[in-house]
Structure formats: C-alpha cells, structure tokens
Number of protein chains: 2
Amino acid sequence: MRSCVVSGEAAPFAAEGILQGDCLEILRRMPSASVDLVFADPPYNLQLGGELLRPNNTRVDGVDHAWDRFADFATYDRFSRAWLAECRRILKPNGALWVIGTYHNIFRLGTALQDLGFWLMNDVIWLKTNPMPNFKGTRFTNAHETLIWAARDEKARPTFNYDSMKAFNDDLQMRSDWLIPICSGPERLRDDGGRKAHPTQKPEALLARVLMATTKPGDLVLDPFFGTGTTGAVAKLLRRRFIGIERDPDYVAAASARIAAIEPCDAKAAALITSKRAEPRVPFGMVLERGMLRPGDVLFDAKAEIRAQVMADASLMWNGTRGSIHSVGAKAQGRGACNGWTFWHFEQPKDGLAPIDLLRMEVRKTMGMRAAA
Amino acid sequence: MRSCVVSGEAAPFAAEGILQGDCLEILRRMPSASVDLVFADPPYNLQLGGELLRPNNTRVDGVDHAWDRFADFATYDRFSRAWLAECRRILKPNGALWVIGTYHNIFRLGTALQDLGFWLMNDVIWLKTNPMPNFKGTRFTNAHETLIWAARDEKARPTFNYDSMKAFNDDLQMRSDWLIPICSGPERLRDDGGRKAHPTQKPEALLARVLMATTKPGDLVLDPFFGTGTTGAVAKLLRRRFIGIERDPDYVAAASARIAAIEPCDAKAAALITSKRAEPRVPFGMVLERGMLRPGDVLFDAKAEIRAQVMADASLMWNGTRGSIHSVGAKAQGRGACNGWTFWHFEQPKDGLAPIDLLRMEVRKTMGMRAAA
DNA sequence: CCACCGTATGAATCAGCCC
DNA sequence: GGGGCTGATTCATACGGTG
C-alpha cells in the first residue's frame with residue numbers, strides 16, 4: 001500500500017491522495033466514520049459476447065478487461081456487498097454514497113444498498129448527448145447511465161446544496177435527469193500510442209455536479225475505484241479533499257500526473273458547471289402521443305394535392321410507400337430531401353389547412369424545462 | 001374470478017379482457033406459454049413516513065393505500081418474485097415483460113428479474129415533462145420513472161419493431177430516454193366527486209410506445225396490475241388483445257367503462273412499417289434467371305477499382321477466387337464480411353454504375369404479394 | 001484562415017436461417 | 001445444437017487533410 005498525498009489541506013489521517021492496491025484490503029484498514037462522501041464507479045459486469053462490428057465492418061472496442069469479469073451474479077453480489085459494507089462503516093454519520101452503473105449491474109447495487117441499511121435519496125439519470133448507437137438495430141439506443149445517491153442510513157442528514165443546484169439550473173429545482181456529453185476530445189486521457197488510457201473514463205462535468213450538490217469545500221471524498229482519477233481531479237478543482245483507491249499502477253500513474261496539473265480555482269470551477277438549456281428536439285411521434293393527431297388521419301401538402309395517411313407508429317403512408325414525415329415528403333415531391341414539419345399540413349376544424357409545425361410548437365410549450373450540460 | 005371479454009377477436013382461451021380477483025391466484029390458473037407480452041405496474045412500496053405538506057401547508061395526496069404497504073423488503077421481494085415467476089411461465093418462448101417503478105422498488109424488481117432467468121434488453125427512462133417538485137428542498141426533483149424491458153430468457157428473440165420506432169423518432173434510432181407528460185387533464189379518470197380514480201394512472205402515451213415497440217397487431221398482452229386499465233385502453237386502440245387482472249372492483253368498473261368507449265384505430269394504420277429484414281430473400285441467381293444480368297457480365301465496386309465476372313451459376317470470379325457475391329466481395333476487400341448486394345455495381349446503359357441491389361428490388365416487385373406483418 | 005469532407009470512436013449483455 | 005452462409009445495420013462529435 002503506497003500513499004501519495006496530493007491535497008495540501010490538513011488530513012485527519014495519513015492516507016489521503018491516491019492509494020495503490022486492492023480496494024477491499026485498503027478499505028478494511030481505513031478508520032470508521034472518517035469520510036464525508038463516497039463516489040464509486042465499480043465494474044459493471046457487462047458480460048459481453050463475441051466481437052461487435054459496426055455497419056462499416058470496423059470493430060467496436062468493448063470492455064473485456066479481466067476486472068470486469070465475474071463468474072455469476074452471486075459472485076458479483078458478494079463483491080459488491082463487501083465493498084459497500086466497508087464504505088458504510090467508513091462514512092461519517094451524516095455521510096452519503098454515490099454509485100453509478102447500467103442495467104447490467106445497477107439493480108443489484110441498488111438492492112444491496114437497501115439491504116445494507118443505506119437510505120436511498122434519489123436515483124439520477126445521466127442522459128448522454130452522444131451515446132454509442134445500437135449498431136444491429138436490436139434494442140433501444142442505450143443512451144443513459146444510472147446513479148444512486150444514498151445516505152448512510154435513514155436517520156442521516158447528508159449534505160445537499162439545494163440553492164446551489166437551483167442557481168445552477170436557472171432558478172429551477174435541479175431534476176433527477178442530467179444531460180451531459182460523454183468524455184471525449186481533449187478531456188479524454190490517452191497513452192503514448194494515442195489509445196484511450198481507460199475504457200470507462202467519466203466526464204468531469206458529471207463529477208462536478210455530484211460534488212457541487214452533495215459536498216462542501218474541504219469535505220473528504222473517497223473513490224474506491226479511482227481509475228484515471230476524475231473524482232480526484234474535480235475534487236481538487238472544487239477544493240474538496242479526496243482519497244482514491246486503484247489497483248492498476250498504470251492508472252495510478254495517469255491519475256497522479258493528471259491531478260498534479262490541476263489548479264484549484266474558483267473561476268474555473270464556476271465555468272465548468274455553467275448551465276445551458278437546449279431546445280429539445282420533438283419527433284413527430286410525440287405529436288401522436290399527445291393526441292394532436294390520431295392513427296388514420298390524413299395529411300396534405302399546402303395545395304392539398306398530395307395526401308398521406310398517418311400510421312400508428314407515426315410513419316406516413318403515401319401511394320404505397322411508407323416512412324417518416326421527411327422521407328415520404330421527399331418521395332412525394334420527387335426530391336432528395338424534405339422538411340416534413342413544414343411540408344405536411346393537417347386539417348383544422350375551422351381554419352383549413354395548417355402545417356404540422358404548428359403542432360410541434362404546441363408540444364414544445366408543454367415540454368417543461370430540462371437542465372442541459 | 002369474473003371475466004368480461006372486451007376484445008372481439010378470436011381468443012386462444014376463455015379468459016380475455018378484465019379478470020377481477022387476486023393477481024397471484026389468477027396468474028396460477030393461466031396456461032403456460034400463452035401470452036406475448038406482460039406489462040406490469042406493481043405496487044411501488046413507497047414507504048412514506050407521515051404526511052407530506054406543501055409550502056402552503058396543503059397536504060400532498062400521496063400513495064398510502066393498503067396495497068402499497070409491505071412489512072419489509074423481504075416481504076416485498078417474496079411477493080415480487082412470486083408474480084414474476086408466474087408471468088415467466090405464462091409467457092411464450094419469445095415473450096417479453098415490461099415493469100415500471102421508481103427507486104423505491106425498481107432495483108429489487110430488476111434483481112428479481114435477473115435471478116429468475118429473465119434477460120434484460122433495456123432499461124428505459126420515462127422523463128416527466130411536468131413532475132411534482134420536491135417541496136422540502138432536500139433532494140433532486142424526482143422527475144423520472146424507470147421501466148425494464150426483459151426477454152423471457154437469454155435465448156428468446158422478443159418482438160422489437162425497430163423500423164417503427166425509428167420512423168416515430170424522425171429517422172433516428174429510438175433512445176432509452178422517453179420524454180412524456182404525466183397523466184393529467186381529460187385523460188385522468190376521476191370519480192363522481194372529481195377526485196382522481198387511481199393514484200398512479202399511467203399516461204396512454206407511455207403504453208402506446210411500449211406496445212408499438214414490442215408487440216404486433218393481434219398479440220396478447222397481460223397486465224397483472226390493471227388498475228384503471230390504461231394497458232387495455234391502448235391495446236384496444238392499437239388492435240392488440242389483452243388480459244387485465246385487478247383486485248379492486250371499483251377499478252375494474254372504471255377500466256371497463258373506459259375501455260368500452262375506445263374505438264380501435266384504422267386496421268391499416270395499426271399495421272407496422274415493413275422492415276427490410278421481413279422482405280423475402282432473393283438469391284442472386286434469380287437476377288440472372290430474369291435476364292437482368294448475363295453470364296460473363298462484369299461487376300464493379302463503387303469506385304470501379306475492383307472487377308469481377310458473373311459466372312453462369314451466379315457465382316462471381318475475382319482474381320482467381322470464386323464464390324457468392326458476398327464471400328467474393330469480402331475477399332476482394334480483405335474483410336471478414338460483406339453485403340454483396342450493396343458492394344457490387346453493374347454498368348447501366350446510360351446512367352453509369354448502380355448497385356445490384358437495384359436489380360433485387362426489381363425482382364421483388366415481380367414476386368407478388370407478401371404476407372402482411 | 002475558413003469551409004468542407006472523410007475518418008475515427010464511445011461501459012455493447014447487438015442476427016437469423018438452414019442444414 | 002453447431003457450423004456456415006446470407007445480408008442487415010449507426011449517432012454525435014472530434015480531428016485531420018484538402019481546397
């Protein structure tokens with residue numbers, strides 16, 4: 001067990017900074033009731049099959065590392081409950097824990113938390129602006145990950161900076177869905193060969209929101225699966241202290257160099273979490289869902305010369321061809337492209353034809369506000 | 001156990017429509033491998049403490065009905081695993097199940113699904129445009145619920161209408177996050193006193209997306225916690241058959257009246273968009289048989305850098321190797337796989353190169369009627 | 001220097017049929 | 001049930017090269 005103290009602030013015990021070694025072994029040596037917050041990004045137990053090819057026949061670089069392989073659910077559960085129980089012991093009475101995962105593992109983690117006596121505060125959805133598509137067309141695009149925020153127990157009163165979150169979100173309460181891009185571009189750590197240094201590096205914006213919401217400056221944050229140190233980098237930036245545990249010496253080295261380059265800075269911290277609001281996209285299907293049109297209704301072009309029928313799946317049927325409002329509009333005009341929103345019109349009860357874009361504007365009015373990254 | 005058949009279509013066994021009685025008792029009497037899809041909105045086990053007051057001291061009408069109270073997690077788990085196991089038995093081999101919940105219960109349900117042998121396809125996030133705010137300012141606004149879509153087992157190939165979902169979403173893959181308003185306004189069922197008839201009525205838009213995505217017209221859908229019958233209402237509208245189980249006679253009465261008033265949408269509009277996968281297979285030899293190409297003709301890649309000759313048996317000859325359009329295309333590119341229909345091009349008399357897929361489409365046009373989806 | 005285009009890539013339980 | 005063949009399938013973003 002090696003310790004390299006990164007933070008310059010007073011430490012309540014010697015081990016602060018990055019600790020290289022086995023997560024469980026190190027956790028067991030840590031003192032009880034000493035940490036304010038745990039953020040954990042454990043192995044997801046993805047259980048990938050063979051290789052996956054994109055439509056252009058290139059290979060997807062999936063996560064098939066040894067650290068993500070478990071014999072079965074029971075093995076994964078034993079591992080999860082062991083480190084979660086240690087974290088609970090290490091947390092201060094009003095401490096809290098975050099854990100992140102996908103449908104492969106998050107249900108098992110949530111169940112374990114409840115069984116161990118944690119008290120769930122929220123589940124939070126990280127909506128990815130740019131997820132990897134589903135290449136084979138077999139499922140919904142897996143466009144989110146789930147975080148669980150849990151207090152040490154039912155009686156705990158964990159930190160929640162309600163007003164900071166509200167200010168961050170343009171004076172609206174912060175919701176449980178967070179729209180944040182995946183980690184890429186210059187933020188993504190790369191090795192000498194230009195390959196990604198870690199397969200699952202999390203975006204700093206995600207950690208920033210977690211730490212801004214549920215810690216105070218000077219708080220001690222523990223990350224038992226430190227990886228390349230996003231938690232440490234953001235903690236240092238936002239003037240929180242941290243302990244990171246990581247088994248792989250290469251990851252430790254990458255994290256150490258990364259964090260050393262961070263300058264704690266209020267201005268930068270504020271810049272990092274600036275709120276923006278994106279105008280949400282409205283697919284045509286939503287117009288049907290709101291009951292503004294019904295399956296079987298007829299749409300027209302502006303001159304009412306072209307007619308198409310609305311199908312239950314929000315596709316259009318015109319002259320034997322079927323597709324989206326855009327593709328059918330293009331075909332009906334003999335063109336390569338078409339904006340279906342302005343091309344197609346619906347019959348209003350009194351006022352004659354109107355473009356379906358009117359309906360889209362109605363939907364937007366009722367869509368409420370979502371915080372964007 | 002009382003049965004009122006609502007659907008007019010042929011039923012595979014007597015019990016179709018709404019069944020009043022205990023969920024587990026009725027499930028145990030249902031035949032195995034008889035249902036295409038289960039949609040379940042079980043009790044959430046909300047564990048509300050006392051009453052919750054808004055800032056203006058009005059009381060929040062929370063869910064504190066007897067059916068939502070369980071002694072502890074173990075009791076809730078026993079109940080969950082019992083009805084889930086019965087549903088799994090009742091599902092056809094390629095059947096699937098949806099379940100909806102919040103952080104109070106969804107982790108336990110997901111764990112139970114995995115332990116019982118279900119195979120998770122996606123978790124889907126229902127993002128509410130208009131969630132109830134967090135009145136105390138102690139947590140994030142709980143702005144979503146979680147649905148799990150699970151196949152009966154790992155080998156099952158459940159229905160997924162990929163192309164319908166894509167058309168619905170303006171030609172982009174449907175993602176795992178769905179933005180849909182909560183059920184309110186005229187859609188919300190109310191009793192004679194104007195109070196909401198059911199505390200957790202789901203929006204029809206949510207069910208419509210579930211049924212459009214994962215069932216075909218005529219499929220049989222089972223809802224073991226029918227409530228006021230949103231599943232049945234949408235199933236009837238979209239021309240799916242349904243079985244709903246509900247214990248409370250008042251809910252049964254409300255659901256029955258509600259569904260009776262539904263007019264199924266136009267049958268043609270309910271049909272699914274045809275996917276390429278469902279098109280009949282056309283062997284390349286048929287293109288030769290129709291005289292669209294002749295033995296000896298030359299095919300090219302799009303850039304006319306690779307040339308292959310068409311043999312009389314519809315194999316291709318390229319650079320000494322011979323095989324199908326697919327295998328030769330793969331070899332010519334040095335790749336493991338290739339779709340010969342889109343890779344190989346033929347010389348048109350006037351318009352230059354065109355993919356041989358054009359010829360396949362010509363053949364399909366002459367192949368007569370296909371079975372409707 | 002900017003516009004445009006081609007290429008690379010991200011926590012992925014990613015095909016279906018016939019022999 | 002396994003092996004082999006047919007042939008269906010991607011969105012947002014970053015980056016580098018070219019004009």
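What you see below is based on every heavy atom in this structure, not just the backbone, and it leaves out hydrogens, waters and symmetry mates. Each chain gets a letter, A, B and so on, in the order its sequence line appears, and its residues count up from 1.
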Is [X] near enough to [N] that one of its side-chain N or O atoms lies under 4.0 angstrom from OP1 or OP2?
{"X": "A:Asn142", "N": "C:dT13", "answer": "yes"}
{"X": "B:Ser324", "N": "D:dT6", "answer": "yes"}
{"X": "B:Arg157", "N": "C:dA15", "answer": "no"}
{"X": "A:Arg188", "N": "C:dA11", "answer": "yes"}
{"X": "B:Tyr162", "N": "D:dT10", "answer": "yes"}
{"X": "B:His326", "N": "D:dT6", "answer": "no"}

Rounded [atom1] spacing from [N] to [M] in Å:
{"N": "D:dA8", "M": "C:dC18", "atom1": "P", "answer": "15 Å"}
{"N": "D:dT6", "M": "C:dA12", "atom1": "P", "answer": "31 Å"}
{"N": "D:dC15", "M": "C:dA11", "atom1": "C1'", "answer": "23 Å"}
{"N": "C:dC1", "M": "D:dG16", "atom1": "C1'", "answer": "16 Å"}
{"N": "C:dG10", "M": "C:dC14", "atom1": "C1'", "answer": "15 Å"}

What nucleic acid atoms does [X] come within less than 4.0 Å of, heavy atoms only: base, sugar-phosphate, or nothing?
{"X": "B:Gly329", "result": "nothing"}
{"X": "A:Asp68", "result": "base"}
{"X": "B:Pro283", "result": "nothing"}
{"X": "B:Leu172", "result": "sugar-phosphate"}
{"X": "B:Ile325", "result": "nothing"}
{"X": "A:Arg59", "result": "nothing"}
{"X": "B:Thr342", "result": "nothing"}
{"X": "A:Pro42", "result": "base"}
{"X": "A:Gly185", "result": "sugar-phosphate"}
{"X": "A:Asn134", "result": "base"}
{"X": "B:Glu154", "result": "nothing"}
{"X": "B:Asp357", "result": "nothing"}
{"X": "A:Lys202", "result": "base"}
{"X": "A:Thr102", "result": "nothing"}

Rounded distance (Å) that lies between atom [atom2] of [N] and atom [atom1] of [X]:
{"X": "B:Arg277", "N": "D:dT6", "atom1": "CZ", "atom2": "C1'", "value": "13 Å"}
{"X": "B:Lys331", "N": "D:dG4", "atom1": "NZ", "atom2": "P", "value": "13 Å"}
{"X": "B:Glu279", "N": "C:dG16", "atom1": "CD", "atom2": "P", "value": "16 Å"}
{"X": "A:Lys196", "N": "C:dA12", "atom1": "NZ", "atom2": "C1'", "value": "11 Å"}
{"X": "B:Met286", "N": "D:dG7", "atom1": "CE", "atom2": "P", "value": "11 Å"}
{"X": "B:Trp119", "N": "C:dC14", "atom1": "CH2", "atom2": "C1'", "value": "12 Å"}
{"X": "B:Met361", "N": "D:dA8", "atom1": "CE", "atom2": "P", "value": "11 Å"}
{"X": "B:Met165", "N": "C:dC14", "atom1": "CE", "atom2": "P", "value": "21 Å"}

Minimum-distance nucleotide (side-chain atoms of [X] versus [options]):
{"X": "A:Pro133", "options": "C:dA11, D:dG7, D:dC11", "value": "D:dC11"}
{"X": "A:Arg54", "options": "C:dT13, D:dG7, C:dT9", "value": "C:dT9"}
{"X": "A:Ser184", "options": "C:dA11, C:dT13, D:dA14", "value": "D:dA14"}
{"X": "A:Val63", "options": "C:dG10, D:dT13, C:dA11", "value": "C:dA11"}

For [X], I'd like to know if atom [atom1] has over 12 heavy atoms of other residues, nucleotides or ligands within 6.0 Å.
{"X": "A:Arg54", "atom1": "CZ", "value": "yes"}
{"X": "B:Lys331", "atom1": "NZ", "value": "no"}
{"X": "A:Lys196", "atom1": "NZ", "value": "yes"}

*Identify, between A:Asn56 and A:Lys136, the residue whose nearest nucleotide on DNA chain C lies closer to the 5' end.*
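Whichever sits nearer the 5' end wins; that is A:Asn56.
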*Please tell me which of A:Tyr103 and A:Cys183 maps to the more 5' nucleotide of DNA chain C, matching each residue to the nucleotide holding its nearest heavy atom.*
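Closest to the 5' end, via its nearest nucleotide, is A:Cys183.
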_Identify the stems formed by DNA chain C, where each pair is Watson-Crick or G-U wobble with both distances under 3.5 angstrom and a stem is at least 3 consecutive pairs._
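Detected stem regions: C:2-10 with D:11-19, C:15-19 with D:2-6.
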State plainly whether the residues [X] and [Y] are in salt-bridge range, i.e. N to O under 4.0 Å.
{"X": "B:Arg360", "Y": "B:Glu279", "answer": "no"}
{"X": "B:Glu362", "Y": "B:Lys365", "answer": "yes"}
{"X": "B:Asp177", "Y": "B:Arg175", "answer": "yes"}

_Quick check: B:Phe160 with A:Phe140 (ring centres under 6.0 Å apart)?_
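Between A:Phe140 and B:Phe160, the centre distance is under 6.0 Å.
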*When the ring centroid of A:Phe79 is compared with that of A:Phe70, is the distance short of 6.0 Å?*
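Aromatic pair counts; centres sit under 6.0 Å.
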*By centroid distance (under 5.5 Å) and plane angle (under 30°), are A:Phe135 and C:dC14 in a stacked arrangement?*
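Here the ring of A:Phe135 and the base of C:dC14 are not stacked, as the 5.5 Å and 30° limits are not both satisfied.
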Taking [X] for the side chain and [Y] for the main chain, is one N or O donor matched with an acceptor at less than 3.5 Å?
{"X": "B:Asn94", "Y": "B:Pro158", "result": "no"}
{"X": "B:Arg88", "Y": "B:Arg152", "result": "yes"}
{"X": "B:Arg322", "Y": "B:Met311", "result": "no"}

*C:dG16 base / B:Arg281 side chain donor-acceptor hit below 3.5 Å*: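 Side chain to base: no pair present.
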*Using only heavy-atom distances, decide whether a donor-acceptor pair under 3.5 angstrom links the side-chain of A:Lys128 to the base of C:dA11.*
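No, the side chain and the base share no sub-3.5 Å donor-acceptor pair.
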*Aromatic ring pairing A:His198/A:Trp67, orientation class (parallel under 30°, perpendicular over 60°, tilted between)*: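 A:His198 and A:Trp67: parallel rings.
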*asked:* Checking understanding here: a glycosidic angle within 90° of 0 is syn, the rest anti, so what is C:dT13?
replied: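 You should classify C:dT13 as syn.
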*asked:* Need to verify one output field. Residue with the more 5' nearest nucleotide on DNA chain D, A:Asn130 or A:Asn57?
replied: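 Looking at DNA chain D, the more 5' nearest nucleotide goes with A:Asn57.
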